[in-house]
Amino acid sequence: QVQLVESGGGLVQPGGSLRLSCAASGRIFSTTTMAWYRQAPGKQRAFVASITSGGTTAYADYVKGRFTISRDNAKNTVYLQMNSLKPEDTAVYYCKQIASPDFYWGQGTQVTVSS
């Protein structure tokens, strides 16, 4: 049974920063791709960033240069460092673990960017 526990969301002013964390249980974390998605009200869930077991990263264009995904395999944790936040970044952010052919979702954490 895989559990993904997210933390770090909250309210921040435009231009501010947050770091999201996703702590995974289970034995296979180090071999899996991890990703972050987000979903704003009335919108479809959208890809934000991913990182493979080997550390290769990918980002959505709209977070390029502002967000950084990283992982600490010793802690079974993936991070999303978010800088220069904009109101349009407001969404529920979800952690996803991909262990092909299966995948798992975290519960989501709310990020609100507002002055």
Side-chain angles (χ1 to χ4, degrees):
Q1 181 68 38
V2 172
Q3 289 187 322
L4 305 174
V5 180
E6 301 175 10
S7 61
L11 175 64
V12 65
Q13 293 184 332
S17 298
L18 286 173
R19 189 181 73 161
L20 306 183
S21 299
C22 174
S25 64
R27 302 171 181 168
I28 61 171
F29 178 85
S30 64
T31 68
T32 59
T33 293
M34 303 295 297
W36 290 95
Y37 287 70
R38 70 188 190 186
Q39 187 166 21
K43 303 291 186 180
Q44 296 186 56
R45 192 170 295 186
F47 171 81
V48 175
S50 65
I51 184 166
T52 70
S53 61
T56 301
T57 59
Y59 297 93
D61 286 343
Y62 51 81
V63 304
K64 180 176 60 179
R66 300 189 298 122
F67 291 10
T68 303
I69 188 171
S70 62
R71 68 192 298 158
D72 186 339
N73 288 339
K75 297 181 179 179
N76 279 12
T77 300
V78 64
Y79 305 95
L80 185 68
Q81 178 67 46
M82 305 184 294
N83 299 326
S84 302
L85 283 162
K86 306 174 181 180
E88 51 263 46
D89 295 319
T90 296
V92 177
Y93 284 71
Y94 295 92
C95 179
K96 182 182 182 182
Q97 182 176 40
I98 302 166
S100 297
D102 301 315
F103 59 90
Y104 308 92
W105 291 101
Q107 80 285 353
T109 185
Q110 177 71 48
V111 172
T112 302
V113 185
S114 180
S115 60

K.L.:
Is the side chain of Ser25 donor-acceptor paired with the backbone N or O of Gln3 at a distance under 3.5 Å, no angle test?
P.N.:
yes
K.L.:
Can you see which heavy atom on Gln81 is nearest to which on Ser17, and at what distance?
P.N.:
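Minimum heavy-atom separation between Gln81 and Ser17: NE2-CB, 4.0 Å.
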K.L.:
Among Tyr59, Tyr94, Tyr62, which residue satisfies the side-chain contact (heavy atoms from CB on, under 4.5 Å) criterion with Val48?
P.N.:
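Exactly one candidate clears the test, Tyr62.
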K.L.:
Tell me whether Val12 is reachable from Trp36 by hopping between hydrophobic residues (I, L, V, M, F, W, Y) whose side-chain heavy atoms are closer than 4.5 Å.
P.N.:
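Yes, Trp36 connects to Val12 through the hydrophobic network.
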K.L.:
Are the side chains of Arg66 and Asp89 in contact, using a 4.5 Å heavy-atom criterion?
P.N.:
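Sidechains of Arg66 and Asp89: in contact.
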K.L.:
How far apart are the closest heavy atoms of Ser53 and Ser30, and which atoms are they?
P.N.:
CB-O, 3.2 Å
K.L.:
Can you confirm whether Met82 sits close enough to Leu20 that some side-chain heavy atom of one is under 4.5 Å from a side-chain heavy atom of the other?
P.N.:
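Yes, side chains in contact.
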K.L.:
Donor-acceptor pair, distance only, cut-off 3.5 Å: does the side chain of Arg71 make one with the backbone of Thr52?
P.N.:
yes
K.L.:
Return the SG to CG distance between Cys22 and Asn76, rounded to the nearest 0.5 Å.
P.N.:
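Going from the SG atom of Cys22 to the CG atom of Asn76 covers 10.0 Å.
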K.L.:
Verify the cluster assignment for Val92 and Phe103: are they in a single hydrophobic cluster under the rule of side-chain heavy atoms below 4.5 Å apart?
P.N.:
yes
K.L.:
Does one hydrophobic cluster hold both Ile98 and Val2, with members joined at side-chain heavy-atom distances below 4.5 Å?
P.N.:
no
K.L.:
How long is the straight-line distance from SG of Cys95 back to CD1 of Ile69, given to the nearest 0.5 Å?
P.N.:
8.0 Å
K.L.:
Please list, chain by chain and in numerical order, all residues satisfying side-chain contact (heavy atoms from CB on, under 4.5 Å) with Ser114, sequence neighbours excluded.
P.N.:
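Ser114 satisfies side-chain contact (heavy atoms from CB on, under 4.5 Å) with Leu11, Thr112 once adjacent residues are dropped.
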K.L.:
Supply the atom-to-atom distance Arg38 CZ to Arg45 CZ, rounded to the nearest 0.5 angstrom.
P.N.:
13.5 Å
K.L.:
Taking only residues two or more places apart in sequence, or in another chain, which ones meet Tyr37 in a ring pair (Phe, Tyr, Trp, His ring centres under 6.0 Å)?
P.N.:
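Result, ring pair (Phe, Tyr, Trp, His ring centres under 6.0 Å) vs Tyr37: Phe47, Trp105.
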K.L.:
Out of curiosity, Met34 CE to Thr77 OG1, how far, rounded to the nearest 0.5 Å?
P.N.:
9.0 Å
K.L.:
Tell me whether Leu4 shares a hydrophobic cluster with Tyr79, the cluster being built from Ile, Leu, Val, Met, Phe, Trp, Tyr side chains joined at under 4.5 Å.
P.N.:
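Not linked; separate clusters.
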K.L.:
Side-chain contact, heavy-atom cut-off 4.5 Å: Val113 with Glu88?
P.N.:
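No, their side chains stay 4.5 Å or more apart.
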K.L.:
So does Gln13 have more than 12 non-hydrogen atoms from other groups sitting under 6.0 Å from CD?
P.N.:
no
K.L.:
Ignoring hydrogens, what is the shortest heavy-atom contact between Ile28 and Ala99? Give both atom names and the distance.
P.N.:
CD1-CB, 3.6 Å
K.L.:
Among the clusters formed by ILVMFWY side chains lying less than 4.5 Å apart, do Leu80 and Tyr104 turn up in the same one?
P.N.:
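Shared cluster, yes.
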K.L.:
Could I get the full list of side-chain hydrogen bond (donor to acceptor under 3.5 Å, both in side chains) partners for Gln97, not counting sequence neighbours?
P.N.:
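Only Thr32 meet the side-chain hydrogen bond (donor to acceptor under 3.5 Å, both in side chains) criterion with Gln97.
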